[in-house]
Novice: 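Here it is, the structure in full.
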Amino acid sequence: MRLTVETGSAAPAAASGCLAEIGFGREHGLDPAEPRRVQVGLPPLAEPAPRELWWSERPVEIGRWGEIAYATDGRSHFGHLLLAEPAGGSLEALGRHAYEQILGWCRELGDAHLLRVWNYLAEINREQAGLERYRAFCVGRHQALAAAGWPDRQLPAACAVGAPGPGLLISCLAAARPGVQVENPRQVSAFRYPPRYGPQSPSFSRAMRVAASPGQLLLISGTASIVGHVTIHPDQKAGQLTETLANLAALLQAAGGQASYQALRVYVRHPEDWPSLAPLCREAFGPAVPLVPLQGDLCRSDLVLEIDGLAALAAA
Ligand code: 3EB
């Protein structure tokens, strides 16, 4: 499996070997004619807007299961679902439903292992019925995983980012072979956060390491300026970038092997922060790593920046 970032106008999903084509724009959208193509409703902060393409070396088949549109090469499976939010509904119920779908899809694919989930929630920080919507989502997500008897050490790498909306968009990557959880020695595991961050701790691993040929891939969760379980430099863009870079470095070290980033997304809450952060990111990651800057809200209201992506680990 391989990830590339392109900015051309061609529509490559139809190309053989393409597992997913992920674009960014004003609104969430799935292409009814092409299950591999999704638009994430996060405004891109670079022109022309980049697209992420996930590739397999093997023949790819497309399919649908329940509300999920997906592509599979028989070993790796890439799915997307976009759920409308019913008026008066809760993100707890919608999150639970989404994860029930995802886990059902994994079972259908022969008990596939969930490796990575991208969660995009509308109005992520808004309080609704006395609870922040992100926290309600965490409750519903956990309910579905708990009902399936999902062990903490197999929680997928993830991100949860706020989009202008509407709807709940989730993309997910599953595989026939399990990944290996990698936690960050600088951070408390998210699934062990104390209750001050919500009634249910968030169900994700900091990263998942998976076999590739050659070497391994590291699926890196949304990484932010959190040390232990505490936000460091609340609302401060430069300080949060420094701390986030330290967290990424610690995570790569914990993963072992010589790591090189394949592509990174940088989510910033305030678009006006990006012009000053861009050169700092470029300097930190070097000229060759594709960066996809996006405007997104983060799951703590004091976070202004989060970075996730994919790294290749050289064979040990
Ligand atoms: C954090 O470290 C920042 O709820 O799926 C990062 C990645 C975060 C994934 C999720 C949340 C999630 O807690 C927030």
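Start at 1 and go down the list; that is how both ligands and their atoms are numbered. Position 1 is the first residue of the sequence, and the numbers go up from there.
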Novice: Counting each atom of ligand 1 from 1 as listed, which ones have a heavy atom of Asn119 under 4.0 Å away?
Specialist: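 Here the atoms of ligand 1 in question are 5 (O).
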Novice: In terms of side-chain geometry, is the basic nitrogen of Glu21 or Arg51 positioned less than 4.0 Å from the acidic oxygen of its partner?
Specialist: yes
Novice: Who's the nearest protein heavy-atom neighbour of atom 6 (C) of ligand 1, and how far?
Specialist: Gly222 O, 3.3 Å
Novice: Using distance alone, decide if ligand 1 has a nitrogen or oxygen within less than 3.5 Å of any nitrogen or oxygen in Arg206.
Specialist: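 By distance alone, the answer is yes.
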Novice: Output yes when the distance from some N or O of ligand 1 to some N or O of Glu306 is under 3.5 Å, and no in every other case.
Specialist: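 No: no nitrogen or oxygen of Glu306 is under 3.5 Å from one in ligand 1.
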Novice: Stepwise, does the side-chain hydrogen bond (donor to acceptor under 3.5 Å, both in side chains) test hold for Arg186 with Asn247?
Specialist: CA-CA 7 Å; Arg186 300 182 87 232; Asn247 279 335; 2.8 Å; yes
Novice: What is the nearest protein non-hydrogen atom to atom 5 (O) of ligand 1, stated with its residue, atom name and distance?
Specialist: Arg141 NH1, 2.7 Å
Novice: Are Tyr70 and Trp65 an aromatic pair, judged by ring center distance below 6.0 Å?
Specialist: no
Novice: Does Arg265 come within less than 4.0 Å of Glu306, counting only side-chain N to carboxylate O?
Specialist: no
Novice: At what distance is the nearest protein heavy atom to atom 12 (C) of ligand 1, and which residue and atom is it?
Specialist: Phe204 CE2, 3.2 Å
Novice: For ligand 1, which is the ligand I care about here, please tell me if Tyr193 has any N or O atom under 3.5 Å from one of the ligand's N or O atoms.
Specialist: yes
Novice: Run the side-chain hydrogen bond (donor to acceptor under 3.5 Å, both in side chains) test on Arg269 and Asn125 for me, step by step, so that the C-alpha distance in whole Å, both residues' side-chain angles and the decisive distance to 0.1 Å come before the verdict.
Specialist: CA-CA 12 Å; Arg269 182 185 291 275; Asn125 300 127; 2.9 Å; yes
Novice: In the protein, what heavy atom is nearest to atom 14 (C) of ligand 1, and what distance, to one decimal place, separates them?
Specialist: Cys299 SG, 2.8 Å
Novice: Which ligand 1 atoms does Pro202 reach within 4.0 Å, using its non-hydrogen atoms?
Specialist: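 Those atoms are 4 (O).
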Novice: Taking only heavy atoms of Ile226 into account, list the atoms of ligand 1 that are under 4.0 Å away from them.
Specialist: 1 (C), 2 (O), 3 (C), 13 (O)
Novice: Ligand 1 and Tyr134, any nitrogen or oxygen pair closer than 3.5 angstrom?
Specialist: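 Yes, Tyr134 has an N/O under 3.5 Å of an N/O on ligand 1.
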Novice: For Trp105, is the NZ or CZ atom of Arg107 found under 6.0 angstrom from the centre of its six-membered ring and inside 45 degrees of the ring axis?
Specialist: no
Novice: Less than 4.0 angstrom from a charged side-chain N to a carboxylate O is my criterion; do Glu85 and Arg133 meet it?
Specialist: yes
Novice: Which atoms of ligand 1 sit under 4.0 Å from any heavy atom of Ala160?
Specialist: 4 (O), 5 (O), 9 (C), 10 (C), 12 (C)
Novice: Do Ile226 and Tyr193 touch side chain to side chain, with heavy atoms closer than 4.5 Å?
Specialist: yes
